[in-house]
Amino acid sequence: MSEVITPREKDYSKWYNDIVVEADLADHSSVRGCMVIKPHGYAIWEKMQQALDKMFKDTGHVNAYFPLFIPKSLFEAEEKNAEGFAKECAVVTHYRLKNNPNEKGKLMVDPEAKLEEELIVRPTSEAIIWNTYKTWIESYRDLPILVNQWANVVRWEMRTRLFLRTAEFLWQEGHTAHATKEEAIAETKQMLDVYADFVENWMAVPVIKGVKTANERFAGADDTYCIEALMQDGKALQAGTSHFLGQNFAKAFDVKFVTKENKQEYVWATSWGVSTRLMGALIMSHSDNHGLVIPPKLAPTQVVIIPIYKGEEGLKKVSDVANDIKKRLQQKNISVKYDDRDSHRPGWKFAEYELKGIPVRITVGERDLANGTIEVARRDDLTKTTIQLTELDNYIENLLTEIQSSLLQKAQARMKDLTTRVDTYDEFKKVLDSKAGFVYAHWDGTPETEEKIKEETKATIRCIPINNPLEDGVCIYSGKPSQQRVLFARAY
RNA sequence: CGGGGUGUAGCGUAGUCCGGUAUCGCGCCACAUUUGGGAUGUGGAGGUCGUCAGUUCGAAUCUGGCCACCCCGACCA
């Protein structure tokens, strides 16, 4: 048992934080609220980026890059959006420093270098992008525009948590422009499906697709679609969002196009994003008290080989076999690391790679050499098997597939266990306090009721699930009639 | 921004009440023995005790200001 990780049962937040730090994913930086993503963490993010980027390209999108800074006048153009983000914006007011005459060796902001117009550090890029699209779009022939950008954004959060909420974070934001409402809505839904597909099939995290209520909607959107995942502690995590922006930004930035019939019309818009928050979802879905568990499809290193030997000639003999194993697996497109460092003993390495979540560990010792075997250990269920070296290639390839699907199945089973239907407010509160998780309950559809429930229980409506079955009932709070159950949970 | 707490070696800490020049563990470096689940021994390096000022012969310790970080609330992907 690892001593470096606080047990999950003892303190879930501490457990999470310990995993992030001890598995070398990220660290607090000397900038308040900002983190350093370390190589192991960044490598996982890169795997996510690669998979998502391909999915975006496969659905016809292209990448571009827009500026970090947004002039205040552009930022405020779409009123609701500006208002929504106003409280958490970093603002650039000056462009120069100078030596402080009163304190040698110190710098100060040069008061003479004040900017004419303040620049907002982007919390999201709709403003700068729609200001640009205005110049790109004239006719229906210029549409659709299907652009994505990989970028960093800044939201000045009061309380931060590694990956889940940091002042600066990495994400992708897709911004599309369409000639018709129908096409824009189809795009919004398509990207929601892409996200759900990615999160389930790459991250092995099941999600519920749905629509946000007015209260939870993105500022400036007509509709916000989301995927909601459920963490091990029964709290929900919004894993991705896709917004149907209507003509709000087109109107704010005066982006019109000429139709086939030679009429002027406002452009329809969408935007959609996922962020490094996905790292948090990944960690909180699969990891255990031994450390991180990474699904094979996202593991930067899928297999690690550890030698066990006596003396230098022992190491040499084992290394010959280990290097051969490495080569064979690499030919199968499996990423392999052979750790022949002499500075640590095998037991130390076992614990280390478990902590870091490497899906499969192969141990080769001199005893194996004699028998033509190797020992294979799975990270997800910590079981060990001895196999014949001759079966290696297929065995490992199948094992990686098996681990990937087993992780998803386990997460699906957990989500099912942690989902409850309730019919009364008392029951609702009891479930939230005793087992947490997703709670399906009737709601009268008013923002007031939603707000009251949030105040009293800290639970929010995560979404109204897509294709939600209609069912007559009464609101658990107000007793008014309701046509469907919505998805409640306490959330990150 | 409110309420609470903490700053001592890379990390975790003792010492603070009662002032006398900093303890222990992990880690790090060297060498040796080790290597199938976080090895052992021996030797070694590493500190302006968050910061500034005050009291004192003398401050990690007492007093005051400042700074940083953490936890709980309001806000949030």
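These values consider heavy atoms only, across backbone and side chains, with no hydrogens, waters or symmetry-generated copies. No experiment lies behind these values; they were computed from the predicted model shown. Chain letters run A, B, ... following the sequence lines, proteins first and then strands; every chain starts at 1.
Rounded to whole Å, the separation between the C1' atoms of rC1(B) and rG58(B) comes to 43 Å. The P atoms of rG27(B) and rU21(B) are separated by 30 Å, rounded to the nearest whole Å. Using P as the reference atom, rU40(B) and rA22(B) are 29 Å apart when rounded to the nearest Å. With both ends at atom P, the span from rU13(B) to rC18(B) equals 25 Å, rounded to whole Å. Atom name C1', nucleotides rC28(B) and rG47(B): the rounded distance is 16 Å, in whole Å. When the P atom is compared between rG5(B) and rG64(B), the two are found 15 Å apart, to the nearest whole Å. A gap of 47 Å separates the P atoms of rA30(B) and rC66(B), to the nearest Å. Between rC72(B) and rA60(B), the two C1' atoms lie 29 Å apart (nearest whole Å).
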#### Entry: Watson-Crick and G-U pairing of RNA chain B written in dot-bracket, each distance under 3.5 angstrom, with | for inter-strand partners
((((((((.[[[..)....(...]]].((((((.....)))))).....[[[[[..)....]]]]])))))))....
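Within 4.0 Å of Lys384(A), counting heavy atoms only, lies at least one base atom of the nucleic acid. Among the atoms of the strands shown, none is found under 4.0 Å from any heavy atom of Arg341(A). Note on Ile306(A): nothing from the nucleic acid sits closer than 4.0 angstrom, heavy atoms only. Looking at heavy-atom distances under 4.0 Å, Gln238(A) makes contact with sugar-phosphate atoms alone, never a base. Across all strands shown, Phe218(A) has no heavy atoms under 4.0 Å from either base or sugar-phosphate atoms. Contact annotation for Thr386(A): no contact, since no heavy-atom pair falls under 4.0 Å across all strands.
Asn152(A) and Arg122(A) share a side-chain donor-acceptor pair at under 3.5 Å. There is a side-chain donor-acceptor pair under 3.5 Å between Thr383(A) and Asp381(A).
Side chain of Glu366(A) to backbone of Lys310(A): a donor-acceptor contact under 3.5 angstrom is found.
The distance from atom CD of Gln172(A) to atom P of rA77(B) is 16 Å, rounded to the nearest whole Å. If you measure from atom CD of Glu455(A) to atom C1' of rG73(B), you get 14 Å, rounded to the nearest angstrom. The distance from atom CZ of Phe169(A) to atom P of rA77(B) is 9 Å, rounded to the nearest whole Å. Put simply, NE2 on His290(A) is 13 Å from P on rG38(B), counting in whole angstrom units. Between the OH atom of Tyr195(A) and the P atom of rA77(B) there is a distance of 15 Å, rounded to whole Å. Rounded to an integer number of Å, the gap from CG of Leu162(A) to C1' of rC69(B) is 14 Å. Atoms CG (Asp18(A)) and C1' (rG12(B)) sit 13 Å apart, rounded to a whole Å. His243(A) places its NE2 atom 9 Å from the C1' atom of rA77(B), with the value rounded to the nearest Å.
Considering only residues two or more places apart in sequence or on other chains, Asp193(A) meets the salt bridge (Lys or Arg N to Asp or Glu O under 4.0 Å) condition with Lys209(A). When the side-chain hydrogen bond (donor to acceptor under 3.5 Å, both in side chains) test is applied to Asn63(A), the partners found at least two apart in sequence or on another chain are Asp53(A), Asn148(A).
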### Message
Generate the contact string for nucleotides 30-36 of chain B. Rules: B means base contact, S means sugar-phosphate contact only, - means no protein heavy atom under 4.0 Å.
### Response
----BBB
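Under the 4.0 Å criterion applied to side-chain N and carboxylate O atoms, Lys356(A) and Glu22(A) are not assigned as salt-bridge partners. Between Asp320(A) and Lys316(A), at least one side-chain N (NZ, or NE/NH1/NH2) sits under 4.0 Å from a carboxylate O, which counts as a salt bridge.
Positionally, the nearest nucleotide of RNA chain B for Trp348(A) lies more toward the 5' end than for the other of Trp348(A) and Lys454(A).
Pairing each heavy atom of Asn81(A) with each of Glu78(A), the nearest pair is N-OE1, 2.8 Å.
A heavy atom closer than 4.0 Å to some atom of RNA chain B occurs in Ser275(A), Arg277(A), these being the qualifying members of residues 269-288 of chain A.
Distances were taken from every side-chain heavy atom of Lys458(A) (C-beta onward) to each of rG38(B), rA74(B), rA77(B); the shortest belongs to rA74(B).
When Tyr440(A), Tyr477(A), Phe428(A) are each tested for a ring pair (Phe, Tyr, Trp, His ring centres under 6.0 Å) with Phe488(A), only one passes: Phe428(A).
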### Task
Would you sort out whether Glu168(A) and Arg155(A) count as a salt bridge (Lys or Arg N to Asp or Glu O under 4.0 Å), showing the intermediate values?
CA-CA 6 Å; Glu168(A) 180 193 14; Arg155(A) 296 181 188 174; over 6 Å; no
#### Entry: Derivation of the salt bridge (Lys or Arg N to Asp or Glu O under 4.0 Å) call for Arg490(A) and Asp433(A)
CA-CA 10 Å; Arg490(A) 292 195 178 126; Asp433(A) 289 336; 3.0 Å; yes
Run the side-chain donor-acceptor check on residues 225-240 of chain A: report pairs under 3.5 Å with partners two or more places apart or on a different chain.
from      : atom 1 : to        : atom 2 : distance (Å)
Glu228(A) : OE1    : Arg462(A) : NE     : 3.0
Glu228(A) : OE1    : Arg462(A) : NH2    : 3.4
Glu228(A) : OE2    : Lys212(A) : NZ     : 2.8
Glu228(A) : OE2    : Arg462(A) : NH2    : 3.4
Gln232(A) : OE1    : Arg8(A)   : NH1    : 2.9
Gln232(A) : NE2    : Ser285(A) : O      : 3.1
Gln232(A) : NE2    : Ser287(A) : O      : 3.0
Asp233(A) : OD1    : Lys235(A) : N      : 3.2
Asp233(A) : OD2    : Tyr492(A) : OH     : 2.6
Gln238(A) : OE1    : Lys212(A) : NZ     : 3.0

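If you look at Phe56(A) and Trp272(A), their ring centroids are closer than 6.0 Å.
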